[in-house]
Trainee: 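Here it is, the structure in full.
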Amino acid sequence: KAGVTQTPRYLIKTRGQQVTLSCSPISGHRSVSWYQQTPGQGLQFLFEYFSETQRNKGNFPGRFSGRQFSNSRSEMNVSTLELGDSALYLCASSLDTASSGANVLTFGAGSRLTVL
Amino acid sequence: AQTVTQSQPEMSVQEAETVTLSCTYDTSESNYYLFWYKQPPSRQMILVIRQEAYKQQNATENRFSVNFQKAAKSFSLKISDSQLGDTAMYFCAFMDSNYQLIWGAGTKLIIKP
């Protein structure tokens with residue numbers, strides 16, 4: 001069974017540009033969550049999608065957005081990049097985080113974004 | 001607001017020893033889930049163990065077990081017979097009622113040969 005796949009693994013952008021990261025969940029998983037990991041702030045929740053709907057959103061500015069497609073694949077977009085957006089972006093999938101028996105998150109290897 | 005605290009930034013033990021990583025959390029919720037994840041240098045976050053707060057019994061997974069003290073809001077991880085492959089960052093996490101994980105700052109665990 002294939003795991004959670006994130007692309008690209010590494011990317012370098014300059015300030016002001018935008019970036020799109022992709023996440024393919026485990027087959028059958030309908031929930032996709034995104035987390036940002038930085039040395040200073042640690043791991044922070046960005047948002048969660050379930051059945052193409054954003055179910056929850058963390059405390060990030062509107063420059064951070066995402067979506068989920070009918071096949072459960074998800075993308076996140078960051079516009080007008082700032083130096084502070086440099087981070088490891090982790091995607092995780094689960095059957096359904098709202099279901100007590102199915103809320104285990106399986107993570108991808110992450111996308112390392114560097115903003116210059 | 002919910003918080004998770006891991007008070008040990010780094011720990012180091014010899015191979016085959018037992019090590020305990022500490023985690024405390026703060027919440028007003030009565031039913032929730034707690035997790036330990038490990039993140040090796042490859043950076044893939046891997047689930048170690050999961051605990052449901054309404055279950056009295058401590059979760060175990062092979063060499064990994066937890067000591068869950070609900071009243072004290074404590075959730076420590078014990079690794080028995082530690083192996084070189086256990087070297088990683090270990091994160092304690094709390095799943096809140098919005099189904100998002102609140103993370104601790106992590107403990108860097110080094111297993112020495």
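Just so it is clear: chains get the letters A, B, ... in the order the sequence lines come, proteins before strands, and each one is counted from 1. This structure is a prediction, so every number in the text was calculated from the model and none was measured.
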Trainee: Consider only side-chain heavy atoms of I, L, V, M, F, W and Y, link residues closer than 4.5 Å, and tell whether Phe60(A) and Val115(A) are in one cluster.
Mentor: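 Cluster IDs for Phe60(A) and Val115(A) match.
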Trainee: Hydrophobic clusters here meaning ILVMFWY residues chained together by side-chain heavy-atom distances under 4.5 Å, can you tell me if Phe45(A) and Leu113(A) are in one?
Mentor: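 In one cluster with Phe45(A): Leu113(A), no.
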Trainee: Decide whether Val104(A) and Tyr35(A) are clustered together by the hydrophobic rule: side chain heavy atoms of Ile, Leu, Val, Met, Phe, Trp, Tyr closer than 4.5 Å, transitively.
Mentor: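 Cluster IDs for Val104(A) and Tyr35(A) match.
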Trainee: Nearest 0.5 angstrom please: Ser33(A) OG to Tyr99(B) OH, how far?
Mentor: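 The OH atom of Tyr99(B) is 12.0 Å from OG of Ser33(A), to the nearest 0.5 Å.
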Trainee: Out of Ala92(A), Gly110(A), Gly58(A), return the one with the most heavy atom pairs under 4.5 angstrom to chain B.
Mentor: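 Heavy-atom pairs under 4.5 Å are most numerous for Gly110(A).
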Trainee: Under 6.0 Å from the CD atom of Gln14(B), do we count more than 12 heavy atoms belonging to anything else shown?
Mentor: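 Yes, because the 6.0 Å sphere around CD of Gln14(B) holds more than 12 heavy atoms from other groups.
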Trainee: Looking only at heavy atoms, which of residues 62-86 of chain A get nearer than 4.5 Å to chain B?
Mentor: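 The list, in residue order, is empty: none.
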Trainee: Counting only heavy atoms from other residues, nucleotides and ligands, does the tally under 6.0 Å from NZ of Lys78(B) exceed 12?
Mentor: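 For Lys78(B), atom NZ is not crowded (no more than 12 foreign heavy atoms under 6.0 Å).
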Trainee: If you count every heavy atom of other residues, nucleotides or ligands that lies below 6.0 Å from Arg15(A) atom CZ, does the total exceed 12?
Mentor: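 Not buried by this count: 12 neighbours or fewer within 6.0 Å.
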Trainee: Would Met95(B) and Leu105(A) count as a side-chain contact (heavy atoms from CB on, under 4.5 Å) if you check the C-alpha gap in whole Å, the side-chain angles of each, and the deciding distance to 0.1 Å?
Mentor: CA-CA 10 Å; Met95(B) 181 170 276; Leu105(A) 271 62; 3.7 Å; yes
Trainee: Could you state the interatomic distance from CD (Gln6(A)) to CD (Gln44(B)), rounded to the nearest 0.5 Å?
Mentor: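 Output value for this atom pair is 8.5 Å.
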Trainee: Could you tell me whether Glu17(B) atom CD has more than 12 heavy atoms of other residues or ligands within 6.0 Å of it?
Mentor: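 For Glu17(B), atom CD is crowded (more than 12 foreign heavy atoms under 6.0 Å).
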Trainee: Going hydrophobic residue to hydrophobic residue with side-chain gaps under 4.5 angstrom, can you get from Ile79(B) over to Leu84(B)?
Mentor: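 In one cluster with Ile79(B): Leu84(B), yes.
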Trainee: Among residues 101-110 of chain B, which residues come closer than 4.5 Å to chain A, judged by heavy atom distances?
Mentor: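 Near chain A, by residue number: Leu101(B), Trp103(B).
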Trainee: At a 4.5 Å cut-off on heavy atoms, which part of Phe47(A) comes close to chain B: side chain, backbone, both, or neither?
Mentor: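 Neither the backbone nor the side chain of Phe47(A) comes within 4.5 Å of chain B.
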Trainee: Is atom CG of Asn59(A) surrounded by more than 12 heavy atoms (other residues, nucleotides or ligands) closer than 6.0 Å?
Mentor: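 Atom CG in Asn59(A) is not packed in, count stays at 12 or less.
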Trainee: Do Leu11(A) and Val4(A) sit in one hydrophobic cluster, given that two such residues count as connected whenever their side-chain heavy atoms are within less than 4.5 Å of each other, even indirectly?
Mentor: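 No, because Leu11(A) and Val4(A) fall into different hydrophobic clusters, even though each may have its own neighbours under 4.5 Å.
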Trainee: Which atoms of Leu43(A) are under 4.5 Å from chain B, going by heavy atoms: the side chain, the backbone, both sets, or neither?
Mentor: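 Both parts, heavy atoms under 4.5 Å.
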Trainee: Using a 4.5 Å cut-off on heavy atoms from C-beta on, say whether the side chain of Leu47(B) contacts that of Thr106(A).
Mentor: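 The answer is no, as the side chains (C-beta and beyond) never meet within the 4.5 Å cut-off.
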Trainee: Report, as yes or no, whether the 6.0 Å neighbourhood of atom CD on Gln57(B) holds more than 12 heavy atoms from other residues, nucleotides or ligands.
Mentor: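 Check fails, neighbour count at 12 or below.
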Trainee: Go through the atoms of Gln37(A) and report whether side chain, backbone, both or neither lie under 4.5 Å from a heavy atom of chain B.
Mentor: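 The answer is the side chain of Gln37(A).
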Trainee: side-chain hydrogen bond (donor to acceptor under 3.5 Å, both in side chains) with Gln17(A): which residues, sequence neighbours excluded?
Mentor: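 Partners of Gln17(A) under the side-chain hydrogen bond (donor to acceptor under 3.5 Å, both in side chains) test: Thr14(A).
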Trainee: So do Asn98(B) and Glu48(A) actually touch side chain to side chain, heavy atoms under 4.5 Å?
Mentor: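 No, side chains not in contact.
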Trainee: Passes side-chain contact (heavy atoms from CB on, under 4.5 Å), Phe107(A) versus Tyr37(B)? Steps please.
Mentor: CA-CA 10 Å; Phe107(A) 284 83; Tyr37(B) 278 88; 3.6 Å; yes
Trainee: Between Asn103(A) and Phe35(B), does a side-chain contact (heavy atoms from CB on, under 4.5 Å) hold up when you go through it step by step?
Mentor: CA-CA 11 Å; Asn103(A) 63 1; Phe35(B) 302 82; 4.1 Å; yes
Trainee: Any cation-pi pair here, Arg43(B) with Tyr89(A), using under 6.0 Å and within 45°?
Mentor: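 Judged by the rule (NZ or CZ under 6.0 Å from the ring centre, within 45° of its axis), Arg43(B) is not positioned above Tyr89(A).
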Trainee: Once disulfide (SG to SG under 2.5 Å) is applied, what residue pairs with a partner in residues 17-52 of chain B remain, sequence neighbours excluded?
Mentor: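 For residues 17-52 of chain B: Cys23(B)-Cys92(B).
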